[in-house]
Amino acid sequence: MNPFIEIITQPDNIAIVIMIFMVSFFMVWAFQQAFQNDRLIASGLPVEGENDGFVDTFKPLVRIELIIALVVMVGLTIWSIAVDAPLEEIANPTITPNPAKAPWYFLGLQELLVYFDPWLAGVVLPSLIVVGLLAIPYIDINPKGNGYYTFSERKYAIIIFSFGFFVLWLLLIVIGVFFRGPGWLWYWPWQEWDHARVVYEPTKDLTSIIGIDSRSIPGIIIGGIVVLSYLVGGMVAPYLYWKKNNPELLKQLGMVRYITITFLFVTMMAIPIKMILRLVFLVKYVWIIPWFGGINF
Amino acid sequence: MKNLTDITDKVKKNLIWKSIFRRDYRNTVRDRAMAVFGNVFLHLHPVQVRESAVKLRFTWGMGGITFFAFIILVITGVVLMFYYHPSVDQAYTDIKDLEFQVPYGVILRNLHRWGAHFMVIVVMIHMFRVFMTGSYKAPRQFNWGIGVFLLVLTFLLSFTGYLTPWDQLGFWAITVGTNMGAATPLLGYQGPFSELLHITPYNDVRFALLGGAQVAGNALLRSYIWHCVAIPLVATILMLVHFWRVRKDGGISKPQK
Ligand code: HEM
């Protein structure tokens, strides 16, 4: 069978295919409604739902809930009749499958292991995702766009969230499911998996590129300067910019919010930056701290 | 027609029927309201809701669908528990029995597994909808927070269930996943700073998760109890708070300008 068909019709992967279709559908629907409301706002008209009244719960709401429940039940039943849940060989600690993949919704995080050490990819970054999500309502002080779809009134919030959700979370999952084979090597879906394949990638640490050993003191200092200036620079630059162009905004945000927002944003952007460094420039670590059990960035 | 009224009269005008339903339903304003707050399940709802709550295009019904997926999982999960022992000797063969011996066992298992995938998918889409309508803004900040915990619990529910069939897929997925615990700063034996606390493979986070240094019998028991008892319990409580807050925050959000 064509490997591409084979991989997308693996029972567990059908869920990912369904996810791709559902997520795309709702993404389009959300943005379509957002743009539609934007047009209404631009012409000074009330947005969809602004003049809505009330209806009885019984029956209009109960009816639609029942219909949705039936549709979901029928859909799941068909899915369950058509596709059988996989059951592999009995667990055997002595035979490691290659690749050993986490459940699909964690594959984005597993993909991050290519670019970061486990304490970052598996512990710190996931925790920061949760913290970041929790923080959203408290750091987004834009009063507009409350209770309706809109893009124009909250562009930055939507762009940043969408980047995190669609690219860093969902796209990495899709890559982990469909594009990673033995040895976590990249395979196109139409490529046959080859367990003997070895890819020699001469990765280097950032300072080694300019000829300084990354584990020597100068290397550590230079690496530290690069990482810290990214962090500090990324957090200070918006301040300087807004101070000049939009001091009102800074005042509204306040220090705590400002620091939280910029820290989360700079950390989030470190992910694609490190990915590019690793994939394009074959950089393994930017900064190595060889003490305390190894803290490498 | 006469006969039909006769029959309904017979069915309704007796002590048993009246003890169950207490009153007649007559499509009046009062009775439509009574239908909601006289029923423990419908009572989650207010008597009247905003039109947008009924329009699919606004909420996509996604939170409700997530909840419905959860209910399906509870029901199929309880039935599965009748056929399953969380022990290394029996778990795998129990699943084989479900496939080959138990009547409709395959469908049962499939519904539970695909239902779980489905719930993970729809909870993410629900979060996306809430974000896109800005429904986390005042006064709903706290309920968004409850939601984030529900999101995490949904992942954990699915994750802990992965090990239960005790097959290669689950075993190695859990091995990969819990190895991350070993990398926790301070508290994992491979994590930075762990030496400061004298952390070893036998007293770190991973050990606590697995009930041992390897994925074995204790890990199976632990994941089973997290999966079937502890997490569903917490998730149920949080869902109740979530629904309660949807109402107390003024129902489904409406455009505030
Ligand atoms: C097990 C998971 C969850 C269940 C069962 C659930 C259920 C629901 C339901 C039934 C509603 C009513 C409106 C609707 O259907 O959209 C709702 C609203 C809401 N949910 Fe969830 N939810 C879950 C997870 C989440 C998550 C992950 C978030 C966000 C991070 C979230 C945030 C909210 C908020 C803020 C509202 C109010 C929305 C509004 O008023 O428009 N929920 N939820």
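Side-chain atoms are counted along with the backbone in the values below, which use heavy atoms only and exclude waters and symmetry mates. Labels below follow one simple rule: chain letters A, B, ... track the order of the sequence lines, proteins then strands, and each chain is numbered from 1.
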Check the angle between the aromatic planes of A:Tyr149 and B:Phe58 and answer parallel, tilted or perpendicular using the 30° and 60° thresholds.
->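 Taking B:Phe58 first and then A:Tyr149, their aromatic rings stand perpendicular (interplane angle over 60°).
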
Please work out which of the three classes, parallel, tilted or perpendicular, describes the rings of B:Phe131 and A:Phe161, given edges at 30° and 60°.
-> parallel

What distance do [X] atom [atom1] and [Y] atom [atom2] have between them, rounded to the nearest 0.5 Å?
| X | Y | atom1 | atom2 | answer |
| --- | --- | --- | --- | --- |
| B:Phe142 | A:Tyr138 | CZ | OH | 7.5 Å |
| A:Met73 | B:Leu111 | CE | CG | 5.0 Å |
| B:Ile65 | A:Ile68 | CD1 | CD1 | 5.0 Å |
| B:Ser135 | A:Tyr148 | OG | OH | 11.5 Å |

Which atoms of [X] are under 4.5 Å from chain B, going by heavy atoms: the side chain, the backbone, both sets, or neither?
| X | value |
| --- | --- |
| A:Pro46 | neither |
| A:Ile129 | neither |
| A:Ile136 | both |
| A:Arg63 | neither |
| A:Asn142 | both |
| A:Val23 | both |
| A:Leu113 | side chain |
| A:Ala157 | both |
| A:Glu48 | both |
| A:Asp12 | both |
| A:Glu50 | both |
| A:Pro126 | neither |
| A:Val71 | neither |
| A:Thr96 | both |

Pick whichever of [options] has the most heavy-atom pairs under 4.5 Å with chain A.
| options | value |
| --- | --- |
| B:Arg50, B:Gln48, B:Glu195 | B:Gln48 |
| B:Gln214, B:Gln256, B:Arg140 | B:Gln256 |
| B:Val54, B:Leu169, B:Val176 | B:Leu169 |
| B:Tyr162, B:Phe68, B:Tyr92 | B:Tyr92 |
| B:Phe171, B:Trp172, B:Phe193 | B:Trp172 |

In terms of heavy-atom proximity below 4.5 Å to chain A, should [X] be classed as side chain, backbone, both, or neither?
| X | answer |
| --- | --- |
| B:Val106 | side chain |
| B:Arg113 | side chain |
| B:Glu99 | side chain |
| B:Ala33 | neither |
| B:Met62 | side chain |
| B:Leu108 | neither |

Ignoring hydrogens and angles, tell me if any N or O in the side chain of [X] forms a donor-acceptor pair with the backbone of [Y] under 3.5 Å.
| X | Y | answer |
| --- | --- | --- |
| B:Trp144 | A:Leu133 | yes |
| A:Ser80 | B:Ile107 | no |
| B:Trp114 | A:Val83 | yes |
| A:Asp140 | B:Lys137 | no |
| B:Glu51 | A:Val55 | no |
| A:Trp119 | B:Gln190 | no |
| A:Gln33 | B:Arg57 | yes |

A:Asp52 and B:Lys55: CA distance, side-chain angles, deciding distance, side-chain contact (heavy atoms from CB on, under 4.5 Å) verdict | CA-CA 11 Å; A:Asp52 271 3; B:Lys55 280 187 203 148; 3.3 Å; yes

Taking 4.0 angstrom as the limit, do B:Arg109 and A:Asp84 come out as a salt bridge?
-> no

For the residue pair A:Phe26 and B:Phe128, is the inter-centroid distance of their aromatic rings smaller than 6.0 Å?
->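 Ring centroids of A:Phe26 and B:Phe128 are no less than 6.0 Å from each other.
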
Within the 6.0 Å centroid threshold, strictly below: A:Phe58 and B:Tyr25 =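 Yes, close enough.
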
